[in-house]
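Worksheet: the structure to be examined is printed underneath.
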Amino acid sequence: MDLEALVDFNLVAAHGGFGRAGRISGRSKATLSRHVSELEQSLGVRLIERGSRSLRLTEEGRALHDRTDGLLSEIAEAGEAIVLGSSMPRGRLRVSAPMVFAHVALPTIGTRFALAYPEVKLEIVAEDRKVDPVEDGYDLVIRIDPSPDERLIGRRFLNDERLIVASPDMPRPQPAPGGAPTAVKAVLLSATSLNVVWRMKSDFEGEILFKPQPILRFSSLLMVRDAVLAGAGAALLPKLLVAGDIEAGRLVCWGTHAGPPVEIWALQSSRRLIGAKVRAFLDVMERAFSTKFFVSAP
C-alpha cells in the first residue's frame with residue numbers, strides 16, 4: 001500500500017468527508033479523492049461509498065481505518081519524538097478553548113507564543129461546545145472542570161475560584177437574621193436555576209447566604225460581567241474574568257463562593273505523544289499564569 005494514500009484515506013474516514021478533511025489538513029479535495037481512488041484500485045476493494053451529499057465507509061473501509069489509523073499516528077509521533085530534544089517546535093498547532101478563557105487570557109498568551117516560536121502556525125478557536133481533538137482536528141483542548149475521559153490525557157494548569165462581585169455603587173446587603181438567605185438583585189446566566197442560592201465564605205461572619213433576584217439573564221459570562229460593570233446587579237463570576245476589574249476599582253468583591261475551586265485543564269488525545277509544539281505552548285501558558293499577567297479588558 002502507498003502510505004501517503006493510506007494517510008489521506010484515514011483523514012477522510014476520520015473527518016467524515018473530503019471537504020472537511022481538506023479544510024483541517026490543508027490538502028485539496030482533488031488530491032484526497034485521487035489518493036483514495038488509487039488505494040481502492042491497489043487493494044481491489046471499495047473503501048468509501050460516495051453519495052451526492054454524503055459518504056460512508058464500506059465494511060472493508062471501516063476495517064482498514066480501524067486497523068491502520070492508530071499505527072500511522074504512532075509512526076508520525078515516533079518521528080517527532082526522535083527530534084523532540086534537538087529541534088525547534090514547528091508546524092500547525094490548533095487549540096480549542098472556552099469563550100471566556102479564550103477572550104481573557106489567550107490573546108496575550110497566543111502573541112507571546114507566536115513571537116517565541118515563529119515556525120509554528122498557531123490557531124486558537126474560542127467555542128463552548130465539547131470538541132473531540134481527533135474528530136475536530138485539534139492538538140490541544142482547554143476545558144473547565146472536565147469529566148474523566150479515558151480518550152484524553154493532560155494536566156491541570158490553573159485553579160480558579162468564583163467571586164460574588166458588584167459595582168462599587170451597590171452596597172452589600174446585611175445578612176438576614178437566623179442565617180436565612182438575603183435577597184439581592186442579580187445578573188445571572190440564562191441556564192441558572194430559579195432556586196439557586198449563593199453561599200459566600202466569610203472569615204468573620206461564617207457562611208453568608210444570598211438569594212439572587214434576577215434583573216437580567218444572559219447566555220454569556222462576558223455579557224453578565226458587562227452588565228455588572230454598568231451597575232445592573234451583583235453576579236457570581238470567575239476570578240479570572242474579574243480580577244483586573246477588582247484591582248482597578250471598577251468592581252468590588254463581596255466574597256468568595258463556598259463551592260469547590262474551578263479546575264482548568266489542557267487535554268489532548270491519549271493516542272498521541274506530547275509533541276514539541278504542544279509542550280512549548282503549555283510552558284508559555286503556565287509561565288503566563290505564574291506571573292499573573294492577565295487582567296480584564298477595560
Side-chain angles (χ1 to χ4, degrees), residues 96-107 125-131 141-147 156 158-265 294-298:
S96 171
M99 295 287 290
V100 169
F101 181 85
H103 281 87
V104 172
L106 290 187
V125 179
E127 55 191 345
D128 285 332
R129 69 186 183 97
K130 188 176 181 180
V131 303
V141 296
I142 309 298
R143 288 188 180 168
I144 297 173
D145 288 336
S147 301
R156 182 185 64 218
L158 182 67
N159 277 341
D160 199 16
E161 54 191 0
R162 294 183 176 92
L163 306 178
I164 302 174
V165 297
S167 164
D169 297 329
M170 180 178 175
R172 197 192 91 181
Q174 293 299 313
T182 301
V184 58
K185 66 176 184 177
V187 184
L188 303 178
L189 283 173
S190 300
T192 303
S193 168
L194 292 174
N195 300 319
V196 68
V197 173
W198 295 341
R199 311 176 73 89
M200 189 183 81
K201 294 185 292 188
S202 172
D203 294 335
F204 304 103
E205 301 168 280
E207 191 173 80
I208 299 174
L209 306 182
F210 291 107
K211 182 68 176 91
Q213 307 295 315
I215 302 299
L216 288 169
R217 286 179 177 268
F218 292 109
S219 62
S220 161
L221 287 174
L222 294 169
M223 297 169 72
V224 172
R225 167 185 166 268
D226 287 348
V228 175
L229 284 168
L236 183 64
L237 290 171
K239 183 178 180 180
L240 177 69
L241 180 59
V242 296
D245 294 315
I246 294 171
E247 184 175 354
R250 294 185 291 266
L251 292 176
V252 294
C253 176
W254 289 359
T256 303
H257 193 253
V262 178
E263 295 185 353
I264 306 179
W265 286 67
F294 54 89
V295 296
S296 301

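Basis for what follows: all heavy atoms, side chains included, without hydrogens, waters or symmetry-related copies. None of these values were measured; they are calculated from a predicted model. Counting from 1, the numbers follow the sequence of the chain as shown.
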message: To check you understand the geometry: which heavy-atom pair defines the closest contact between P168 and G249, and what is its length?
response: CG-O, 3.3 Å
task: Using the salt bridge (charged side-chain N to carboxylate O under 4.0 Å, His left out) rule, pick out the option among D226, D245, D169 that qualifies with R250.
output: D245
field: With E263 via side-chain hydrogen bond (donor to acceptor under 3.5 Å, both in side chains) - residues at least two apart
entry: R156, W265
query: When rounded to the nearest 0.5 angstrom, what is the spacing between OG in S220 and NE2 in H103?
result: 8.5 Å
task: Apply the test side-chain contact (heavy atoms from CB on, under 4.5 Å) to residues L222 and L241: give CA-CA distance (whole Å), side-chain angles for both, the deciding distance (0.1 Å), then the verdict.
output: CA-CA 8 Å; L222 294 169; L241 180 59; 3.8 Å; yes
Contacts of type side-chain hydrogen bond (donor to acceptor under 3.5 Å, both in side chains), residue Q213, not counting sequence neighbours: none
message: Applying side chain to side chain contact (heavy atoms under 4.5 Å, CB included), can you list everything that pairs with P212, at least two apart in sequence or on another chain?
response: A186, L188, V196, W198
- request: Check whether any side-chain N or O of D160 sits under 3.5 Å from a backbone N or O of V262 as a donor-acceptor pair, and report yes or no.
  value: no
field: Closest contact, heavy atoms only, L194 versus K211
entry: O-NZ, 2.7 Å
message: Does R162, at its CZ atom, have more than 12 non-hydrogen atoms belonging to other residues, nucleotides or ligands within less than 6.0 Å?
response: no
- line: In short, P173 meets T182 closest at the heavy-atom pair CB-CG2, 3.8 Å
query: If you look at every heavy atom in P261 and D145, which pair is closest and at what distance?
result: O-OD1, 4.1 Å
query: Roughly how far, to the nearest 0.5 Å, is the CG atom of L251 from the OG atom of S167?
result: 7.0 Å
task: Give the C-alpha distance, both sets of side-chain angles, the deciding distance and a yes or no for side-chain contact (heavy atoms from CB on, under 4.5 Å) between R172 and I208.
output: CA-CA 11 Å; R172 197 192 91 181; I208 299 174; 3.6 Å; yes
statement: Nearest heavy-atom approach of A126 to A102 is CB-CB, 3.6 Å
Student check: side-chain heavy atoms of L163 and L237 closer than 4.5 Å: no
- prompt: Between the main-chain N or O of T192 and the side-chain N or O of R217, is there a donor-acceptor pair closer than 3.5 Å?
  reply: yes
query: Would a 4.5 Å heavy-atom cut-off, applied to side chains only, mark V104 and R225 as touching?
result: no
- prompt: Are the side chains of M170 and V184 in touch, meaning some heavy atoms are under 4.5 Å apart?
  reply: yes
message: Return the OG1 to NZ distance between T256 and K239, rounded to the nearest 0.5 Å.
response: 7.5 Å
- request: Keeping to residues at least two apart or across chains, list the ring-ring contact (aromatic ring centres under 6.0 Å, His included) pairs with something in residues 215-240.
  value: none
task: Check whether any side-chain heavy atom of F101 lies under 4.5 Å from a side-chain heavy atom of P238, and answer yes or no.
output: no
- request: Look up atom CZ in R143 and atom CD1 in I264, then write down how far apart they are to the nearest 0.5 Å.
  value: 14.0 Å
- prompt: Checking side-chain contact (heavy atoms from CB on, under 4.5 Å) against V224, which of L216, V187, L236 comes through?
  reply: V187
task: With sequence neighbours excluded, give me every salt bridge (charged side-chain N to carboxylate O under 4.0 Å, His left out) pair touching residues 183-200.
output: R199-E207
- prompt: If you round to the nearest 0.5 Å, how far is SG of C253 from CD1 of I164?
  reply: 8.0 Å
message: Can you list everything that forms a side chain to side chain contact (heavy atoms under 4.5 Å, CB included) with V125? Sequence neighbours excluded, please.
response: R94, E123, E127, Y138
